[in-house]
2 protein chains.
Amino acid sequence: MAQSETVDRILDAAEELFSERGFSETSLRMITGEAGVNLAAVNYHFGSKKSLIQAVFARFLTPFCQHLEAGFDRLEREAAPEPPSLDGVLQALTETVVEMPRQHDRSIAIYMRLQGLAYTQSQGHLRRFLEQEYSHTFGRFMRLLKDATPELSAVDRYWRIQFMLGSTAFTLSSSDALTEILWNKLGVETNVEEIVDQLVPFLAAGMRAPPVVGGSDTRNESA
Amino acid sequence: MAQSETVDRILDAAEELFSERGFSETSLRMITGEAGVNLAAVNYHFGSKKSLIQAVFARFLTPFCQHLEAGFDRLEREAAPEPPSLDGVLQALTETVVEMPRQHDRSIAIYMRLQGLAYTQSQGHLRRFLEQEYSHTFGRFMRLLKDATPELSAVDRYWRIQFMLGSTAFTLSSSDALTEILWNKLGVETNVEEIVDQLVPFLAAGMRAPPVVGGSDTRNESA
DNA sequence: GTATGTTTCAAACAATTGTTTGGTTGGTTG
DNA sequence: CAACCAACCAAACAATTGTTTGAAACATAC
């Protein structure tokens with residue numbers, strides 16, 4: 001059996017084209033042309049363009065979440081009976097971010113950009129698919145973050161998690177372009193690993209900032 | 001003369017539809033339908049869909065940059081001869097972010113989402129337009145940030161600015177959804193003003209975090 | 001009134017989209 | 001061999017896209 005090579009060729013091409021052009025700006029003819037397969041192959045193997053989009057996400061998100069959950073397991077085992085520290089949780093995440101694309105020989109930027117597109121371009125079907133498929137891992141991540149920052153009120157924590165996600169998604173999704181700019185302007189070479197090395201202390205410092213006291217109803221009600 | 005009302009109706013509809021659906025997912029028929037004008041009106045008044053997109057950006061970005069530059073002027077005058085502080089620069093920015101949409105009676109989320117789309121969806125023409133039109137204000141913002149954080153190496157500062165932009169863009173562009181989630185989950189009501197009140201200390205703390213020392217060639221070479 | 005110029009409109013245009021069709025290939029099984 | 005089935009392919013499909021057309025409606029001037 002072993003899924004014909006055509007399937008992988010289509011997924012490879014779609015992955016790349018989607019990430020740099022978006023979903024609806026990428027036609028099936030571009031994908032099949034880039035992949036060197038017949039136009040009808042997409043509908044034959046995947047059924048529809050929507051299913052192809054979901055398949056692209058599933059191919060990298062499933063192993064990503066597995067790797068991440070394994071990291072969480074290790075983390076909780078080593079920290080027990082205490083809950084893992086904030087730095088530990090962030091390290092587990094970034095370790096996965098750095099390690100995963102290496103295996104697939106693809107820039108993390110591609111996946112981050114795809115992840116970003118999922119939230120800005122999806123007409124619903126993709127968001128529903130992701131929520132249904134990967135909410136478990138995401139929920140666990142949120143729970144770990146909560147236990148690692150007991151000093152924060154629920155509201156403060158909620159917002160700061162959003163701030164962290166924003167920094168990470170934005171930076172990593174444009175990491176190629178930003179790396180190039182850095183090289184052109186300052187003559188400094190860098191890579192994804194160094195970016196996250198910069199990112200983690202920035203995020204950790206933000207998370208540890210003194211909570212806002214002036215807020216109208218943001219009193220400490222950690223629940 | 002006074003540009004016919006049709007132009008404004010089109011811009012209003014386009015602004016809203018673009019921000020929630022993206023550019024290429026929004027057809028001219030949707031826009032003209034929502035605006036209650038004839039399909040041909042877009043090409044008559046704007047020439048093309050591309051020009052319409054640019055016009056949407058120009059309408060809110062031009063007064064935004066004016067307001068921001070005025071804030072920078074005030075800031076520099078008050079701090080002289082010292083360069084303005086980091087908090088001051090960030091406050092000037094957020095003050096504009098909070099104040100501008102109020103005048104137009106529109107959520108800041110719309111403009112932030114548009115701004116985000118400009119970087120993920122544009123096929124070039126929009127990015128070129130924005131760069132050519134508004135690089136002055138952006139450059140000044142970057143220069144102020146540099147003078148406000150002399151303790152950071154050029155590389156550290158570069159990355160941390162990206163981190164800040166990411167947090168801000170991501171959070172504010174989904175501010176409506178995030179506000180709703182916060183209400184559903186924790187029963188807390190909020191608004192844009194409170195979000196930026198949370199955001200600024202988070203960003204400032206991140207910027208002030210001790211510089212990374214382990215980096216390969218990220219030594220202090222502030223230039 | 002006529003004349004002039006701008007704005008609106010229904011209709012058609014050519015191009016591109018995702019999808020389907022019907023037939024051909026190539027290999028495996030009986 | 002024939003029978004079968006998954007895979008592939010060129011061609012056509014209907015729908016939607018941005019854009020153009022040419023005439024109608026409107027206002028303002030003389």
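Quantities reported herein were computed from a predicted structural model and do not represent experimental measurements. Every chain is numbered from 1, with letters handed out A, B, ... down the list of sequences.
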Would you kindly give the [atom1]-to-[atom2] distance between [X] and [N], to the nearest whole Å?
{"X": "B:Arg21", "N": "D:dT16", "atom1": "CZ", "atom2": "P", "result": "13 Å"}
{"X": "B:Glu25", "N": "C:dG18", "atom1": "CD", "atom2": "P", "result": "12 Å"}
{"X": "A:Asn38", "N": "D:dA10", "atom1": "CG", "atom2": "P", "result": "6 Å"}
{"X": "B:Lys49", "N": "C:dT16", "atom1": "NZ", "atom2": "C1'", "result": "13 Å"}
{"X": "B:Asn43", "N": "C:dT7", "atom1": "CG", "atom2": "C1'", "result": "14 Å"}
{"X": "B:Arg29", "N": "C:dA10", "atom1": "CZ", "atom2": "P", "result": "13 Å"}
{"X": "B:Leu17", "N": "D:dT17", "atom1": "CG", "atom2": "C1'", "result": "16 Å"}
{"X": "A:Lys50", "N": "C:dT19", "atom1": "NZ", "atom2": "P", "result": "9 Å"}

Sugar-phosphate, base or nothing in reach of A:Thr26, heavy atoms under 4.0 Å: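 Sugar-phosphate contact only.
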Sugar-phosphate only, base, or nothing, as touched by A:Ala41 at under 4.0 Å among non-hydrogen atoms: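 No contact.
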Closest-nucleotide 5' rank along DNA chain C - winner of A:Met30 and A:Ala40: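 Closest to the 5' end, via its nearest nucleotide, is A:Met30.
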Aromatic plane relationship, A:Phe60 with A:Phe57 - under 30° parallel, 30 to 60° tilted, over 60° perpendicular: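 Rings of A:Phe57 and A:Phe60: tilted, as their planes differ by 30° to 60°.
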Taking 4.0 Å as the cut-off, does a side-chain nitrogen or oxygen of [X] come that near to OP1 or OP2 on [N]?
{"X": "A:Thr6", "N": "D:dC8", "result": "yes"}
{"X": "A:His45", "N": "D:dC8", "result": "yes"}
{"X": "A:Ser48", "N": "C:dG18", "result": "no"}

Residue among A:Val56, A:Ile53, A:Leu52 satisfying side-chain contact (heavy atoms from CB on, under 4.5 Å) with A:Phe46: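 When A:Val56, A:Ile53, A:Leu52 are each tested with A:Phe46, the side-chain contact (heavy atoms from CB on, under 4.5 Å) holds only for A:Leu52.
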A:Phe18 and A:Phe23 aromatic centres sub-6.0 Å: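 Between A:Phe23 and A:Phe18, which both carry aromatic rings, the centre distance is below 6.0 Å.
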Check ion pair A:Arg9-A:Glu5 (N to O, under 4.0 angstrom):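 Yes, charged N to carboxylate O under 4.0 Å.
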Note: A:Glu95-A:Arg74 ion pair, threshold 4.0 Å (strictly below):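 No salt bridge links A:Glu95 with A:Arg74.
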Shortest side-chain distance from B:Leu28, nucleotide among D:dC8, D:dT19, C:dG18: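 Of D:dC8, D:dT19, C:dG18, D:dT19 is nearest to the side chain of B:Leu28.
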Nucleotide nearest B:Ser27 when distance is taken to its side chain, options D:dT17, C:dT6, D:dA6: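 For the B:Ser27 side chain, the nearest candidate turns out to be D:dT17.
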C:dT21: pairing nucleotide in any strand, Watson-Crick or G-U under 3.5 angstrom: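 Pairing partner: D:dA10.
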